[in-house]
K.L.:
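For reference, the structure I am asking about is given below.
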Amino acid sequence: MLDAPIKRSAGAPPSALPGMIGFGFLAIFAPAMYVMMVPAIIFSSHFSVVWLNSLLGAAVVWILLAVGAVLGPARYGKIWAIRVMRVMSYAAMAAYICALAWDFVLYFQVKPPDNQMCLWALLGFFFPLGICFWLLARALRREPWFDPAATPAQIGPSLGAPQEALRAAGLDESGRMPAEQRARTLAMGAPPRRWLCYVVPPYVAARLHRWGWFALMLPLCLVALVFAIIVPVRALVVYGFMGALADRFRALQLLRLDAARALPDEPPAHKPRRTRPAKG
């Protein structure tokens, strides 16, 4: 007898958000760019505005279909959409490796200075997609939301649920925290101002001791600098992504700080008094 299908509620936990961003760029945005880049390079001598308009239209249609028919239903808890996402993810990761290898081959085959376009493609396109590759691969390996067989208890509460905010802040359901965490929270103090999250997000991540995200935001700042020179709009997208993450870390620190200040101070432990042994 077959088991009943697992039903999921709408939404996803915050831990699945980086993987969904990686999927969006690597499996939805990148194939559209492949469709536009590969024919433009191979058939550059016969390329025309008509070709460009056709490829641009096909890329927009693909993005709309993938977002509306796969990513949207997956967010609303459709198990079949999660399965399709996994197949698309592995196909997109394989396509990225092939495209990256092809870019290296072109760089060494094309005579300079024409091969500089391959270097710009590596810095401005393949390097940012490499970060998305890592986010998606990490989510497929560790995040239960990307597993069609995962139960709602394994997935955890969705983004915006009250219990999710408490769990993400390291608190229990009553809003309490262990004594060691309370001491660390009070020692860390108030987080930086909110505008700093969107101006210098690596600084905010370091102040809040998010060292893993700090190490990831440093190369993203380099990517944003490259985008600011080539396509300034993309630089705003990268900085907006980092700023949103830093802003969330700041909100969690404020939640921890409020909970730590609301707890009463623990009385100091009294040492037992030594009693002299009775004589004789």
Side-chain angles (χ1 to χ4, degrees), residues 12-34 36-37 63 89 92-93 95-97 99-101 103-104 107 115-143 159 168-169 188-257:
S15 56
L17 183 60
M20 294 176 68
I21 293 175
F23 174 81
F25 277 96
L26 195 69
I28 296 179
F29 173 74
M33 294 300 296
Y34 297 154
M36 297 181 64
M37 291 170 57
I63 292 174
S89 298
M93 293 166 68
Y96 170 79
I97 295 175
L100 182 62
D103 186 71
F104 275 103
Y107 178 78
N115 61 352
Q116 295 301 314
M117 290 298 298
C118 300
L119 182 61
W120 281 108
L122 178 66
L123 295 177
F125 184 70
F126 288 108
F127 181 73
L129 281 183
I131 299 175
C132 297
F133 184 99
W134 176 76
L135 291 175
L136 183 57
R138 183 175 181 271
L140 291 174
R141 188 175 67 255
R142 298 184 180 180
E143 180 54 42
L159 182 64
M188 194 179 303
R193 296 183 179 273
R194 189 173 186 180
W195 63 269
L196 288 173
C197 298
Y198 296 92
V199 177
V200 281
Y203 166 74
V204 177
R207 274 283 304 273
L208 299 180
H209 297 176
R210 300 278 184 162
W211 301 115
W213 287 106
F214 170 76
L216 181 61
M217 287 179 180
L218 285 182
L220 282 178
C221 288
L222 177 61
V223 172
L225 179 62
V226 174
F227 281 162
I229 300 174
I230 305 174
V231 187
V233 176
R234 294 185 184 178
L236 294 178
V237 173
V238 175
Y239 248 88
F241 168 68
M242 291 190 296
L245 283 175
D247 197 1
R248 174 169 174 76
F249 298 155
R250 179 181 181 274
L252 292 177
Q253 175 62 16
L254 287 174
L255 183 61
R256 294 193 194 98
L257 196 60

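Along the sequence shown, the residues carry numbers beginning at 1.
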K.L.:
Rounded to the nearest 0.5 Å, what separation is found between the CZ atom of R194 and the CG atom of D247?
P.N.:
4.0 Å
K.L.:
Look only at the side chain of E143 and the backbone of L136, and say whether a donor-acceptor pair between them is shorter than 3.5 Å.
P.N.:
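No: the side chain of E143 does not pair with the backbone of L136.
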K.L.:
Is there a side-chain contact between L196 and R207 in this structure, where contact means two heavy atoms from C-beta onward sitting under 4.5 Å apart?
P.N.:
no
K.L.:
On the 0 to 90° scale, with breaks at 30° and 60°, tag the F241-W213 ring pair as parallel, tilted or perpendicular.
P.N.:
perpendicular
K.L.:
How many angstroms lie between atom CG of D103 and atom CZ of F126, to the nearest 0.5 angstrom?
P.N.:
5.0 Å
K.L.:
Is a donor on one side and an acceptor on the other found under 3.5 Å between the side chain of Y239 and the backbone of C221?
P.N.:
no
K.L.:
Mind checking the CG-CZ spacing from L245 to R210? Nearest 0.5 Å is all I need.
P.N.:
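Spacing of CG (L245) from CZ (R210) equals 9.5 Å.
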K.L.:
Measure across L220 and I131 and return the closest heavy-atom pair with its distance rounded to 0.1 Å.
P.N.:
CD2-CD1, 3.4 Å
K.L.:
Relative to the ring of F214, is the ring of W211 parallel (under 30°), tilted (30 to 60°) or perpendicular (over 60°)?
P.N.:
perpendicular
K.L.:
About how many Å separate CZ of F25 and CG of L129, when rounded to the nearest 0.5 Å?
P.N.:
8.5 Å
K.L.:
To the closest 0.5 Å, what do you measure between CG (L254) and CZ (F249)?
P.N.:
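It comes to 14.0 Å.
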K.L.:
Looking only at heavy atoms, what is the nearest atom pair of M93 and A137, with distance?
P.N.:
CE-CB, 3.7 Å
K.L.:
Between R250 and P192, which heavy-atom pair has the shortest distance, and what is it?
P.N.:
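Result for this residue pair: NE-O, 2.7 Å.
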